[in-house]
Amino acid sequence: MLLSALVGNAALPDDRSTYSRDELAAILRHSPLPPPPADPTNRFADSPRAAALGRVLFSEKNLSANGAISCASCHQASHGFADGRALAKGLAVGSRHTPTILGAAYNHWYFWDGRTDSQWSQALQPFENPLEIGSDRTFIVRSVARNDELRKAYQALFGAFPSVDDRARFPAHARPGSHAWGAMRAEDRDTIDRAYSNLGKAIEAYERTLPAGPAPFDRYVAALRAGDAAGESAISPAAKRGVKLFAGAANCELCHSGPTFSDGQFHNIGLPLLPGEKADPGRARGIALVRADRFNGIGPFSDDPAGAAKDRLEFLPSPATQVGAFKTPSLRNVAAIAPYMHDGRFATLGGVLDFYAKGKAASRGRLVGVRETTVDLVPHLSSRQKADLIAFLRTLTRGN
Amino acid sequence: MHRARSALLLVALILFASVPAVAQMGDMKMPMDKPASTALTRQAYTTNRAFLVKIVSIPNPIPYEKYFKLGLEVYDGGDPSKKISDAQVKVAAGMRHGMSSGFMHGMQSTPKVDVQNGVVTVSGMYFHMQGPWTLATTVTSGGKEGVAYLQLPCCAQ
């Protein structure tokens, strides 16, 4: 201690020399995590009042079919805003794993298959999914209208709440696909959709306030940038070996890139179907769904229909190339959100790394679509290398 | 004398080293087992040498995870001074490791190709991985078809 006080930080070895130029560049690209990008499709995205309303809606069980489920049922703070289960369970068990909403504000596409293109339009779908909240938009809008607190909060943001009391025009329950919805006048359906989309925008505003970082890894990178050798002790030697592998020889960097550790795109990594598991077309179906989504970024409820969302929807890839592809998840907070993969098949990070380290042998069985050769760029990993990578991944948990 | 011999040897070595590179310019099908340069390829012949494809506009550097446009011109492979204005052009892009699957999992976008006054504008290009990308440009004109491979380095951040 005395010695270190005498010589100061300058005498300590600096980690930068342990990385190649490319590894160091890749590591620096991962941090810091900037503030979430603006969402011009939602002009209330960064409104504190919208966030306050969204927070209430996020936990409001009375909007569900059985009065017992809310967004917070599956996005639990104690599980990194996921649920800790392999497969999501709302009113029933679904076929995919619940992704965390931490850091969701950085995405361009939502759900494992990217079937929505904004955080607010994502927030709307679980309300009507019969396996999740199982409700319907007309019931939800009418419920908010009847709740003084929610209605006032809504009106303070979005203006007068529409009159939806007339049961002849606004049935108790109606959603697209139902007979009751089809029987409504187009203008009344628009009235419901406008209010419903605003509720989604409030939920997005709340979710954007949930921070995905910073984590010990960010402190480490800040120290690297500053040449602060003492600050480089923010992560362990094993984690540093893991960082080097991640950004270098293991090629994780190709898909898990940038400050979110995700390219935000979709990949078919060759996960064979599990016994009894149905073939999931993934992104191939997501493309059709996002195009058809009335709440997409170029739709009538977007606040910026001519903006970046237009390009994203115009240049969508061919669905035929995307069969069995799922979104690259962010690795921020990854240690807190087990299990892993779109179907939650791996209980631990070790299981995930075993899969990648086995190469093609891990993809024996029935595949959906065509496995990408990108996966083959991950080399065989020894037990120690896997342990080092896990040590590194644990440094991505916020506040650790 | 010794110095002159060394210079000759150096010239011979440079010429020898450049032979495969020159050959590669004519046929941009890059070997998968050798590390490729990461530099931008400004022009390349189609593999059958029927056409020469030139990049006439491209952002420098190419943006990361953002849509961008590039401009191409097509010339007669037999007479590279002769511009072909009525060529039909299709593009696909991906990283080298995806070439074996025809870039099936390459670029996560479907670019639009527009030809006006002999300039081919490709919009909707989008790179989401760092490293050298390959643009496969399929040219059809006068009953002939060929594919030129151009390397595009990714990316600025």
Side-chain angles (χ1 to χ4, degrees), chain A residues 22-23 25-26 28-30 34 37 106-109 114 247 251-260 262-270 282-284 286-287 307-325 327-328 369-378, chain B residues 29-39 59 61-70 90-114 121-136 138 152-157:
Chain A
D22 287 349
E23 287 167 354
L28 297 181
R29 283 197 295 266
H30 284 299
Y106 296 87
N107 294 342
H108 293 315
W109 307 107
N251 281 317
C252 313
E253 179 68 30
L254 273 172
C255 298
H256 291 285
S257 53
T260 63
S262 169
D263 60 6
Q265 297 300 322
F266 301 82
H267 298 275
N268 183 330
I269 59 170
R283 180 59 167 158
I287 287 172
K310 185 170 176 290
D311 278 350
R312 284 196 282 271
L313 289 167
E314 181 180 354
F315 297 122
L316 278 166
S318 159
T321 66
Q322 303 291 312
V323 178
K327 191 169 68 180
T328 309
V370 178
R371 175 180 177 272
E372 287 184 33
T373 49
T374 309
V375 191
D376 295 328
L377 300 179
V378 179
Chain B
K29 215 168 196 173
M30 289 176 290
M32 297 295 285
D33 56 342
K34 291 182 185 170
S37 155
T38 56
I62 291 170
Y64 182 59
E65 294 188 345
K66 286 184 179 152
Y67 294 98
F68 66 95
K69 289 182 184 177
L70 55 87
K90 285 191 277 189
V91 298
M95 300 193 87
R96 293 176 73 244
H97 64 262
M99 284 182 83
S100 58
S101 65
F103 298 136
M104 180 159 186
H105 300 293
M107 207 161 53
Q108 297 266 314
S109 77
T110 306
K112 303 267 190 292
V113 178
D114 181 46
T121 302
V122 183
S123 52
M125 297 286 295
Y126 186 96
F127 290 172
H128 63 280
M129 286 183 177
Q130 292 283 346
W133 284 66
T134 301
L135 180 76
T138 305
L152 312 179
C154 175
C155 280
Q157 295 242 27

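Since the model is a prediction, treat every value here as computed from it, not as a measurement.
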Engineer: Taking atom CD of Gln265(A) and atom CE of Met129(B), what is their separation to the nearest 0.5 Å?
Structural biologist: 9.0 Å

Engineer: Can you name the closest pair of heavy atoms from Tyr126(B) and His108(A) and give their distance?
Structural biologist: OH-CD2, 4.4 Å

Engineer: Can you list everything that forms a side chain to side chain contact (heavy atoms under 4.5 Å, CB included) with Lys112(B)? Sequence neighbours excluded, please.
Structural biologist: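 Scan of Lys112(B) (side chain to side chain contact (heavy atoms under 4.5 Å, CB included), adjacent residues dropped) gives Glu314(A), Phe315(A), Ser123(B).
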
Engineer: If you tally heavy-atom pairs under 4.5 Å against chain A, which of Gly124(B), Ser109(B), Pro111(B) wins?
Structural biologist: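 Among the listed options, the one with the most contacts to chain A is Ser109(B).
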
Engineer: For Thr328(A), check side chain to side chain contact (heavy atoms under 4.5 Å, CB included) against everything at least two apart and list the hits.
Structural biologist: Cys255(A), His256(A), Ser262(A), Asp263(A), His267(A)

Engineer: Which atom pair, heavy atoms only, marks the closest approach of Leu316(A) to Thr110(B)?
Structural biologist: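 Minimum heavy-atom separation between Leu316(A) and Thr110(B): O-OG1, 2.7 Å.
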
Engineer: Chain B heavy atoms under 4.5 Å from Arg283(A): which part of the residue, side chain, backbone, both or neither?
Structural biologist: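 When you check distances to chain B, no heavy atom of Arg283(A) falls under 4.5 Å.
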
Engineer: With a 4.5 angstrom heavy-atom cut-off, which part of Gln108(B) approaches chain A: side chain, backbone, both or neither?
Structural biologist: both

